Amino acid sequence: MLKDIEGMMRTGRLPHIWCPGCGNGIVMKAMLEAIHESGLNTDKIVVVSGIGCSSRAPGYLNFDTVHTTHGRALAFATGIKLAKPELSVFVVTGDGDGTAIGGNHLIHAARRNIDLNVILFNNNIYGMTGGQYSPLTPQGRFATTSPYGNLERSFDICDLVRGAGATYVGRGTVYHTKLLTELVKSAIRNKGFSFVEAVSICPVSYGRRNKLGSAPEMLKWLRDNAVAVKAARAMEPEKLAGKFVIGELYRETAPEYTELYAGLIARIKEGS
Amino acid sequence: MNRERKAQLLQGNQACSLAAIDAGVRFYAGYPITPSTEIAEFMAEHLPRIGGKFIQMEDELGGMGAVLGAALTGAKVITATSGPGFSLKQENIGFAAMAEIPCVIVNVQRMGPSTGGPTSPAQGDIMQARWGTHGDHPIIALSPASVLETYELTVKAVNFAEKFRVPVIILLDEVVGHMREKVVLPDPAELEVVDRKRPAVLPGSYRPYETDDTGIPAMADFGTGYRWHVTGLTHNEEGAPTGQADSVERQLTRLFTKLDRYEEEITLYKTFKTADASCLFITFGCTARSAAEAVNILREEGLKAGLLQLQTIWPFPRKVVKELTRDKELVFVPELNWGQLRGEVEKYAPGKEKLYGINKINGELITPQEIAARVKEVAKAC
Ligand code: SF4
C-alpha cells in the first residue's frame, strides 16, 4: 500500500512545509489511500486547492494539480469539471479557505450538485497566517485575533453543506484514519457534490494557544470526544453536549450538474 | 444566429460573442452586470448548441476562477463584465498572469467610481486594465471603436491569449457594446485561428515553465497524463513553488518581458488623415468616432487635423505615438475620463506643452463639435 501511495506523490518536492505534529499529512494519506482503493485512473485526477496550510497538499501530489487563489478552489474546480466531465476532481481546502472567504462558492457548488469531492481539513484556525480565528473556531476559544476568547458561534459545516444541497456528507478525524479513508471512498463513489470534513489538529497555531497539549494529546482528545453516528442516535442530547459526531452523516441521490448539462446539449441537438 | 456572411444588423456585445465563438471559444463563466449582460445571454444560448459550456457563477470571482479552471483543461475561454465586476476579477486575473493561463476578459466599461453609472458610457478603466491586479505583470488590452472592429479585435484577443499565454482584456465601452451597426462579417472558415502550443515531449520529461526561443512555454491540457502543478506562488521551470532569488528572478523576468519581442505584432492602430496633419488626436473606443468626425469638421475650416486611433491600449503603442507626435504642433487626447490615456501619451510624446486633454466625465459622449470647438479655442490662443 505504501508503495502505491508513494507513486502518487512528487517525492522530489519533499520535505513538506507542515509543522511536526500537524494533522495535514494524515488527511492527505487517507485521501491517497481512498484514491488507490477506488482504482481511479491517476491521469484523470485533478486536485484543486485554495490558500492555507492544507491547500499546499496538491504541490506534493503527482496528478494535475492547481493551487489557486484564497477561497476560490471550488470556482476553479467547477470550471475544470464542467469543461471536462470525465476528470475526477478533488478539492482540498481548509476551514478558513472553504467556509469564510470561499463560503459562497461552497454553498453554490453544493446547490448545483456538481460532481466534486471536497475534503475540508478542519484545524479550527487560520494556521498559515499565524493563528487567527476562523468560522470553525469554537466559541470561547483563543486565537491571535480573539485574544479574549472567540465571541462568534461556529458553523456546523456538515449541516451547512447538507442544507445547501450536497448529496454526500461525512465527517472523520485524523485519529480515526480508517474511517476517513472510507468516507473519501464513498465520496468518490457518489455522483454529485460530496463533502468530507476531516477534523484535524494544529498543535502549533491552535493547540498551544488553547492549552490543548502536544499532538498526541490532541489526537486523544479527538478519540475521546468523537461519537459514531449510530451511537449518537441512541444518546441523550445532554450526553452529546460538547462531543461531535463522526461517520457518514448524509447521503442522497439527485441529478448531477454536468450530467444535466450533457442532457441539455443532447436535447438541443435533437431539437435542431 | 445568422451565420450567413451577408450584411446584418449587429450589436457590439453580440459581435464580441460571435467572434469569440468563431475564434474557438467553448467556455464561458461569469456574473451578470450591466452593460455587459448581452454577452452572457448570447453565450448561454449559443454555446450549448455547439457542445460548449456556459455557467452563471455565484459572483465575479467565481466567474473568473471557473474560466481559468476550464482553460487548464484545454478550452478556449471568455468572461465578460463591467467596471465593478472587473475590479472583483482582478485577483484571479493576476493568477492568470502569474500561472500563464490563456483567457479573455471583456470589460464593457461603465462610469465609476463604485456603482457609478451602470448604463452611462465611460472610458475610465485604462489604468484598471493595466494595473488592477497587484504586482508587475504582462497584460494585453484591446479597444474597438465599431461593431466590426469588435468582431475583429475579439478574434485577435482570443488568438493573443492562446499564443502568448496571457490574460487579454477587451476594453469595450457602453456605446460600442450597445450600438447596432450594419456589418458583413468574415467567413469563420477563413479566419486565422491560433491554438496554444502543446508539449512535444513525453509526460515524464515535461517541464511546464521551460521555454524555447519563443519565450512562451508549452501548455499541457489537464487529463492528458502530463500531471503538472499550477500555482500563483513564485515558481521554477518545474512549476514548483520556490523562493530562491535567482530562480524567482529568472522566471519573473521572463514573465515581464515575454511580450516585448512581439510588440510589433501586438500593436494595433488606425490612422486617419495623419500624413499632412499639424494637429493630431490620439484616442480610442467610441471617442475615436467623434474625433474622426471632428477631423472632417476642422479640415473644412482649414485646420489640418488627423487621428491616431489606438486599438491596442496595452502594451502601450509607444513607438507609433512617438513617431506620429514628433512633428505635430498640437496633440489632443479626447477621452471619457479625467486623463488616463493622456498620462501615457505624455510619457512618449516629446514637447509636453503641446498636449491637451479633452475630457468628459458626466456620462455622455464627447461630440465632434465639442472636440472641434476645443481645438479652435487652443489654436486661437497659440
Ligand atoms: S500551522 Fe498548524 S495546520 Fe499549519 S502546518 Fe503548522 S500545525 Fe499544521
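Sequence lines set the chain letters: A, B, ... in the order given, protein chains first and strands last, and positions in each chain run from 1. Owing to the predicted nature of the structure, the values given are computational and were not obtained by experimental measurement.
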Shorter than 4.5 Å, heavy atoms on both sides: which option in A/Glu86, A/Arg112, A/Lys81 has the most such pairs with chain B? A/Arg112
Most chain B-contacting option - heavy-atom pairs closer than 4.5 Å, from A/Leu87, A/Ile51, A/Asp64: A/Asp64
Of the listed residues (B/Leu61, B/Leu72, B/Val67), which shares the most heavy-atom pairs with chain A below a 4.5 Å separation? B/Leu61
Ranking A/Gly79, A/Ala77, A/Ala73, A/Pro58 by heavy-atom pairs under 4.5 Å to chain B gives rank one to A/Gly79
Describe, in one word, how the ring planes of B/Phe164 and B/Phe160 are oriented to each other, choosing from parallel (under 30°), tilted (30 to 60°) and perpendicular (over 60°). tilted
With respect to chain B, which residue among A/Thr258, A/Thr68, A/Val89 yields the maximal number of heavy-atom pairs within a distance under 4.5 Å? A/Thr68
In terms of relative ring orientation, are A/Tyr60 and A/His16 parallel, tilted or perpendicular, with 30° and 60° separating the classes? perpendicular
Can you tell me which residue among B/Lys197, B/Arg196, B/Arg254 is in a salt bridge (charged side-chain N to carboxylate O under 4.0 Å, His left out) with B/Glu100? B/Arg254
Interface residue of largest heavy-atom contact number with chain A, from B/Ala220, B/Ala240, B/Ala75, B/Gly239, under 4.5 Å: B/Ala240
Would the distance check show the side chain of A/Glu256 and the main-chain N or O of A/Asp115 forming a donor-acceptor pair, the cut-off being under 3.5 Å? yes
Are any of the side-chain heavy atoms of B/Tyr31 and B/Thr37 separated by less than 4.5 Å? no
Tell me, for A/Val66 versus chain B, whether the close heavy atoms (under 4.5 Å) come from the side chain, the backbone, both or neither. both
Whether B/Arg165 side chain and B/Ala218 backbone form a donor-acceptor pair below 3.5 Å: yes
As an exercise: rank B/Gly69, B/Ala99, B/Gly62 by heavy-atom pairs under 4.5 Å with chain A and give me the winner. B/Gly69
Using only heavy-atom distances, determine whether the side chains of B/Gln128 and B/Ser87 contain a donor-acceptor pair under 3.5 Å. yes
Using a 4.5 angstrom heavy-atom cutoff, name the option from B/Ala66, B/Gly63, B/Gly74 with the most pairs to chain A. B/Ala66
Would you say A/Thr42 and A/His36 make side-chain contact, with heavy atoms under 4.5 Å? no
Measuring heavy-atom distances to chain A, does B/Phe222 have an atom under 4.5 Å in its side chain, in its backbone, in both, or in neither? both
Please rank A/His108, A/His105, A/Arg56 by heavy-atom pairs under 4.5 Å with chain B and give me the top one. A/His105
Salt bridge or not between A/Arg111 and B/Glu58? Use side-chain N to carboxylate O under 4.0 Å. no
B/Glu60 and B/Thr81: CA distance, side-chain angles, deciding distance, side-chain hydrogen bond (donor to acceptor under 3.5 Å, both in side chains) verdict: CA-CA 8 Å; B/Glu60 295 279 5; B/Thr81 187; 2.9 Å; yes
Part of A/Leu82 within contact of chain B (heavy atom distance under 4.5 Å): both
Whatever's closer than 4.5 Å to a heavy atom in chain B on A/Ile265 counts as both
Do A/Glu152 and A/Tyr133 have a side chain donor and acceptor closer than 3.5 Å? yes
For chain A, which residues from residues 226-238 of chain B lie under 4.5 Å away (heavy-atom distances)? B/Tyr226, B/Arg227, B/Trp228, B/His229, B/Val230, B/Thr231, B/Gly232, B/Leu233, B/Glu238
Side chains of A/Arg10 and A/Thr65: any donor to acceptor distance under 3.5 Å? yes
